[in-house]
Engineer: 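If you scroll down you'll find the structure; I have some questions about it.
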2 protein chains.
Amino acid sequence: MKPKTAAAQVGRPRGFDVDEALDRALRLFWRQGYEGTSLSDLTEELGINRPSLYAAFGNKESLFRKALDKYVERHLVLYHQAFALPTARAAVEHLLLGLADAQTLPRGPRGCITVQGALVSGADAVPIQKELAARRAAGEKALRDRLEQGQREGDVPAHVDCADLARYFTTVTQGMSVQAATGASREELRRVARTALFAWPA
Amino acid sequence: MKPKTAAAQVGRPRGFDVDEALDRALRLFWRQGYEGTSLSDLTEELGINRPSLYAAFGNKESLFRKALDKYVERHLVLYHQAFALPTARAAVEHLLLGLADAQTLPRGPRGCITVQGALVSGADAVPIQKELAARRAAGEKALRDRLEQGQREGDVPAHVDCADLARYFTTVTQGMSVQAATGASREELRRVARTALFAWPA
DNA sequence: CTACATCTATACCAATCGGTATACATCCTC
DNA sequence: GAGGATGTATACCGATTGGTATAGATGTAG
């Protein structure tokens with residue numbers, strides 16, 4: 001077995017780091033949304049020209065999806081950390097505070113790209129719009145599963161509707177994304193998260 | 001003083017209802033966002049052609065602002081209703097449930113246009129983006145004022161930070177707007193609102 | 001009916017959109 | 001070094017963007 005990528009050893013080597021370029025694309029889409037980011041924006045920000053971009057990532061939509069994958073993959077760590085905590089309540093607390101931090105990174109765009117990316121759009125971006133909606137729904141579903149686990153384990157009251165509770169906390173995190181875009185600070189977002197936790201069922 | 005518009009009685013009369021056209025524009029911007037709505041979308045939806053649109057409303061940005069004004073004006077009714085209730089708690093409950101309804105109108109776009117319109121954007125739409133952020137902030141400020149009134153009147157505990165509480169409930173309503181875009185039903189949004197109210201300070 | 005003011009319709013504008021053909025540069029294999 | 005594979009750079013593509021000039025249609029005022 002060859003050391004790294006066995007193929008692609010023939011021909012002129014790529015003049016840029018694909019992973020770093022994808023990171024830059026992610027941040028641009030995150031900050032300006034899918035429709036608000038043009039190919040010219042991208043090539044300028046990535047420091048490469050159009051044909052290189054298309055050869056490496058396919059078209060704009062495909063590039064966005066790759067960047068989104070990277071974003072989601074990073075957030076999975078937080079979700080796994082949170083859901084591994086002993087109680088559902090602790091999981092939600094960890095998740096909300098962690099998201100407050102993630103949405104106010106010092107040198108990162110504000111909010112969550114699944115909200116900012118394309119909440120609504122013209123006809124062209126409908127596939128992206130739906131993709132993001134599906135990702136948001138997946139996050140809500142994962143939280144619901146963890147709440148139901150807590151219910152089975154007895155740390156969530158039996159009378160609670162876990163779908164409703166998951167939707168509530170998901171709504172708060174999504175609202176935090178809007179607040180981040182409006183300019184709310186990390187500490188303000190964390191206070192929102194803590195206030196939201198007061199609604200935890202008795 | 002002349003009865004109504006003294007001018008504009010000379011020349012060919014306008015062939016469309018300005019107010020109805022503005023309504024249609026509002027719904028389109030609401031559904032597709034500012035950047036996602038093109039002039040061709042608008043002229044097709046309004047049933048008028050470009051020069052008529054420009055003569056009546058100015059450019060795209062100006063049209064959006066006029067539509068936004070109309071939207072906000074309508075929502076003021078709900079805010080006034082809510083804030084006139086005897087307690088701050090009742091005001092918030094009325095507001096949240098009212099917004100749940102407003103964001104799931106049977107034949108209307110989902111969510112709130114101040115969130116869907118342009119949460120993020122490319123460089124062109126930055127003025128609109130800021131305008132919408134300012135409107136959201138204004139709504140939060142109005143709620144904060146009502147909470148502080150409640151505090152003075154004794155129905156909100158003295159230890160409560162009204163700015164924090166207003167930010168929390170505003171965050172919930174904004175999250176509801178994202179949920180509406182994701183496909184949440186009116187009843188689901190109302191349950192979110194009621195769950196959020198459990199965080200009301202003791 | 002004439003004169004004039006306003007609105008409407010078509011056709012157009014430069015700029016930008018996402019995407020690509022073509023030519024050239026740069027690397028590895030032999 | 002020669003051959004071939006790959007990446008990069010420029011320049012371009014048709015379509016669409018927001019916005020407008022121009023000419024014709026339709027009304028009121030006199």
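Per chain, numbering begins at 1; letters A, B, ... match sequence-line order.
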Engineer: What are the two closest non-hydrogen atoms of B:Leu189 and B:Met176, and how far apart are they?
Structural biologist: CD2-O, 3.9 Å

Engineer: Got a sec: does the CZ of A:Phe198 have more than 12 other heavy atoms crowding it under 6.0 Å?
Structural biologist: no

Engineer: In whole angstrom, what separates A:Tyr34's OH from C:dC17's P?
Structural biologist: 13 Å

Engineer: Looking at A:Ser52 and A:Ile48, would you say the former's side chain and the latter's main chain have a donor-acceptor pair under 3.5 Å?
Structural biologist: no

Engineer: For B:Gln129 and B:Ser121, does a side-chain donor sit closer than 3.5 Å to a side-chain acceptor?
Structural biologist: yes

Engineer: Specify the residues of residues 46-68 of chain B, ordered by number, for which at least one heavy atom lies under 4.0 angstrom from an atom of DNA chain C.
Structural biologist: B:Asn49, B:Pro51, B:Ser52

Engineer: If I take atom CZ in residue B:Phe16 and atom C1' in nucleotide D:dG27, what distance separates them, rounded to the nearest angstrom?
Structural biologist: 16 Å

Engineer: What donor-acceptor contacts under 3.5 angstrom involve side-chain atoms of residues 53-64 of chain B, with partners at least two apart or in another chain?
Structural biologist:
| from | atom 1 | to | atom 2 | distance (Å) |
| --- | --- | --- | --- | --- |
| B:Asn59 | OD1 | B:Glu61 | N | 3.4 |
| B:Asn59 | OD1 | B:Ser62 | N | 2.9 |
| B:Lys60 | NZ | B:Tyr34 | O | 3.1 |
| B:Lys60 | NZ | B:Thr37 | O | 2.8 |
| B:Glu61 | OE2 | B:Arg65 | NH1 | 2.4 |
| B:Ser62 | OG | B:Phe57 | O | 2.5 |
| B:Ser62 | OG | B:Lys66 | NZ | 3.3 |

Engineer: For A:Glu44, I'd like to know if atom CD has over 12 heavy atoms of other residues, nucleotides or ligands within 6.0 Å.
Structural biologist: no

Engineer: State whether A:Arg14 places a side-chain N or O below 4.0 Å from either non-bridging phosphate oxygen (OP1 or OP2) of D:dG7.
Structural biologist: yes

Engineer: Tell me whether the count of non-hydrogen atoms from other residues, nucleotides or ligands lying under 6.0 Å of CD in B:Glu73 goes above 12.
Structural biologist: no

Engineer: To the nearest 10 degrees, how far apart in direction are the end axes of the helix from C:dC1-D:dG30 to C:dC30-D:dG1, each fit to five base pairs?
Structural biologist: 0°

Engineer: Is A:Ser38 close enough to C:dT16 that one of its side-chain N or O atoms is under 4.0 Å from OP1 or OP2 there?
Structural biologist: no

Engineer: Please work out if A:Thr37 contacts a base, only the sugar-phosphate, or nothing of the nucleic acid, heavy-atom cut-off 4.0 Å.
Structural biologist: sugar-phosphate

Engineer: Nearest whole angstrom, please: distance from the C1' of D:dT17 to the CG of B:Asp41.
Structural biologist: 11 Å

Engineer: State which of D:dT17, C:dG19, C:dC7 makes the closest approach to the side chain of A:Leu39.
Structural biologist: C:dG19

Engineer: Do A:Arg74 and A:Leu26 touch side chain to side chain, with heavy atoms closer than 4.5 Å?
Structural biologist: yes

Engineer: CZ of B:Arg12 versus C1' of D:dT26: gap in Å, rounded?
Structural biologist: 5 Å

Engineer: Within the distance-only criterion (no hydrogens, no angle test), does the side chain of B:Gln151 pair as donor or acceptor with the backbone N or O of B:Ala158 below 3.5 angstrom?
Structural biologist: yes

